[in-house]
Amino acid sequence: VYDLKMADKENEIHTTTGLEEAGRNMYNALNPEQKAAWDKHYDPIIARFKKDKLTGKALAEWKYQQYMHDYMRVIHSVDRNVGRVLKYLEENGLMGNTMIVYTSDQGFYMGEHGWFDKRLMYEECLRMPFVIRYPKEIKPGTDNKDITLNIDFAPLFLDYAGMDKPSQMQGESFRSNLRNETPANWRQAMYYRYWMNADNDHNVTANYGIRTDRYKLIFYYGESLGMTGTKNESRTPEWELYDLKEDPREMKNLYHDPSKKALIKELKTKLLELKQQYDDEDSKYPTMAGIARENYW
């Protein structure tokens, strides 16, 4: 109801996700003109949905198509309005003195690995677009391959503004990287953690991991939602290892390959170092309490 914009005014579509009121509040926040435009688009969709009474696979496919069409309409709107901003800058002679950054939230699954949404560490979700235009300092067409993170964004902008990074910021400015002058001590691996667990709105097991330029090691340490979707089930912690050069789609888990034993130990050691670096200790997470040390090593 919430994600599919199906919370109609008569409250005739009943679900139990807990987000129905959020969807209705979103609608009620619109002004009369916006509500009229909303109703013109969604009322026929809701009416057709009620009439068709879809079930099973047909219902699942309808949900997917409805959600993705809305999602792509949002992207189209963003692109159109970015164009309006660029046009204004050009017409007012401001392009030469403006740094333009185009980025977004984490990536979104559209069926890859059988998933939608995000929160897992596969490449489709882990990657984020980052396009920056600043001809005064960045050569057009530059394609930098260094590992940069969203925690680096604020330090970068402060750097361009001539300001020092506050001590509480964990990221680093990648200004020199954008000039193809990568610092010798730049990170060779990144740390990831999704700390919420299956008992929240997203039903995704808690996980964390490390990614280098070639390898990715993921640790699923939380509980998983039962196949029926009605309860949480305890699970044995699980690991996944992927060779991103040989298997960029991450379809073959190499964790149990005996030949990768030394690599896994190296990655786990580095993973612990990163956890300590970012002060992300497991004692902060209740789901970690029952995990014995042998499950890690």
Side-chain angles (χ1 to χ4, degrees), residues 103-109 113 115 117-130 144-159 165-177 182-198 200 202 204-222 237-245 247-248 250 253-255 260-289 291 293 295-297:
T103 185
S104 83
D105 198 351
Q106 281 73 28
F108 197 94
Y109 299 113
H113 301 279
W115 284 96
D117 202 62
K118 51 191 75 175
R119 298 167 226 287
L120 295 174
M121 203 182 168
Y122 299 123
E123 287 295 281
E124 294 86 2
C125 168
L126 192 65
R127 287 179 168 274
M128 300 174 65
F130 186 89
N144 186 273
K145 300 295 185 182
D146 297 330
I147 297 177
T148 52
L149 310 176
N150 52 1
I151 59 173
D152 299 328
F153 293 175
L156 174 71
F157 302 149
L158 290 171
D159 191 354
K165 181 188 75 169
S167 59
Q168 69 267 29
M169 287 188 177
Q170 295 177 321
E172 301 292 340
S173 169
F174 52 105
R175 184 175 181 176
S176 60
N177 305 63
T182 302
N185 62 345
W186 192 254
R187 71 172 65 90
Q188 299 300 307
M190 65 157 288
Y191 176 64
Y192 173 88
R193 185 168 207 150
Y194 178 72
W195 58 270
M196 297 178 75
N197 201 35
N200 65 75
H202 306 293
V204 176
T205 187
N207 64 100
Y208 66 78
I210 181 174
R211 185 200 191 282
T212 68
D213 63 335
R214 178 167 181 174
Y215 295 104
K216 183 186 296 180
L217 184 68
I218 312 172
F219 185 36
Y220 301 92
Y221 65 88
E238 298 176 14
W239 291 90
E240 291 181 356
L241 171 68
Y242 295 104
D243 183 336
L244 300 174
K245 179 180 179 180
D247 179 27
E250 298 166 293
N253 180 12
L254 301 175
Y255 184 76
K260 305 300 182 184
K261 188 174 181 179
L263 171 64
I264 291 171
K265 184 176 181 180
E266 178 184 340
L267 290 172
K268 286 185 177 182
T269 300
K270 181 62 178 178
L271 178 55
L272 288 178
E273 292 175 1
L274 290 175
K275 284 165 60 62
Q276 185 176 22
Q277 175 183 331
Y278 294 117
D279 190 27
D280 194 37
E281 300 301 323
D282 293 335
S283 58
K284 300 176 182 179
Y285 304 91
T287 52
M288 292 297 293
I291 294 182
R293 184 174 176 81
N295 284 322
Y296 190 91
W297 292 107

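Quick note: numbers below take in every heavy atom, side chains included, and nothing from hydrogens, waters or symmetry partners. Just so you know, these numbers come straight off a predicted model, no measurement behind them.
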side-chain hydrogen bond (donor to acceptor under 3.5 Å, both in side chains) assessment of E240 paired with Y220: CA-CA 8 Å; E240 291 181 356; Y220 301 92; 3.1 Å; yes

Criterion side chain to side chain contact (heavy atoms under 4.5 Å, CB included) on L158 and M169, from CA distance to verdict: CA-CA 11 Å; L158 290 171; M169 287 188 177; 3.9 Å; yes

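Residues meeting the salt bridge (Lys or Arg N to Asp or Glu O under 4.0 Å) test with K118, sequence neighbours left out: D105.
Distance check, rounded to the nearest 0.5 Å: CD of Q276 to CG of L274 gives 10.0 Å. Expressed to the nearest 0.5 Å, how far CH2 of W115 lies from OH of Y122 amounts to 8.5 Å. For the atom pair CG of D247 and CG of L254, the computed distance is 7.0 Å after rounding to the nearest 0.5 Å. Rounding to the nearest 0.5 Å gives a distance of 8.0 Å between CG of L263 and OG1 of T212. Considering CH2 of W239 and CG of N253, their distance stands at 11.5 Å, rounded to 0.5 Å. The line from CD of Q106 to CE of M128 is 4.5 Å long, rounded to the nearest 0.5 Å.
A donor-acceptor pair under 3.5 Å is absent between the side-chain atoms of Y215 and the main chain of L267, judged by distance alone. Under the 3.5 Å distance criterion, the side-chain polar atoms of E250 are matched with a main-chain donor or acceptor of E123. Panel note: side chain R119, backbone V204; no donor-acceptor pair is recorded below 3.5 Å. No side-chain donor-acceptor contact under 3.5 Å links N207 to the backbone of F219. In this structure, R187 contributes its side chain and I147 its backbone to a donor-acceptor pair below 3.5 Å. A donor-acceptor contact shorter than 3.5 Å is absent between the side chain of D159 and the backbone of S173. With K270 contributing its side chain and I210 its backbone, the two residues share no donor-acceptor pair below 3.5 Å. A donor-acceptor contact shorter than 3.5 Å links the side chain of T103 to the backbone of P129. Under a 3.5 Å cut-off, the side chain of Q188 and the backbone N or O of W186 do form a donor-acceptor pair.
Across L126 and M190, no two heavy atoms sit closer than the pair CD1-CE, 3.8 Å. Between D146 and T182, the shortest heavy-atom contact is OD2-OG1, 2.6 Å. Across all non-hydrogen atoms, the minimal contact from F130 to L156 is CZ-CD2, 4.0 Å. In terms of heavy-atom proximity, D152 sits nearest to G171 at OD1-CA, 3.3 Å. The minimum heavy-atom distance linking L217 with K268 is given by the pair CD2-CG, 3.6 Å. Counting all heavy atoms, side chain and backbone alike, M121 lies closest to R211 at CE-N, 4.0 Å.
Side chains of L271 and Y191 form a contact here, defined as non-hydrogen atoms less than 4.5 Å apart. Counting heavy atoms from C-beta outward, D213 and K145 have side chains that stay 4.5 Å or more apart. When side chains are defined from C-beta on, F174 counts as touching F153, because their heavy atoms get closer than 4.5 Å.
Checking each of W195, Y192, Y221 against Y208 for a ring pair (Phe, Tyr, Trp, His ring centres under 6.0 Å) leaves exactly one that passes, namely Y221.
Residues E172 and K165 are paired through a salt bridge, judged by an N-O separation under 4.0 Å between the basic side chain and the carboxylate.
N177 and N144 are not linked by any side-chain donor-acceptor pair at a separation below 3.5 angstrom, with hydrogens and angles left out of the test.
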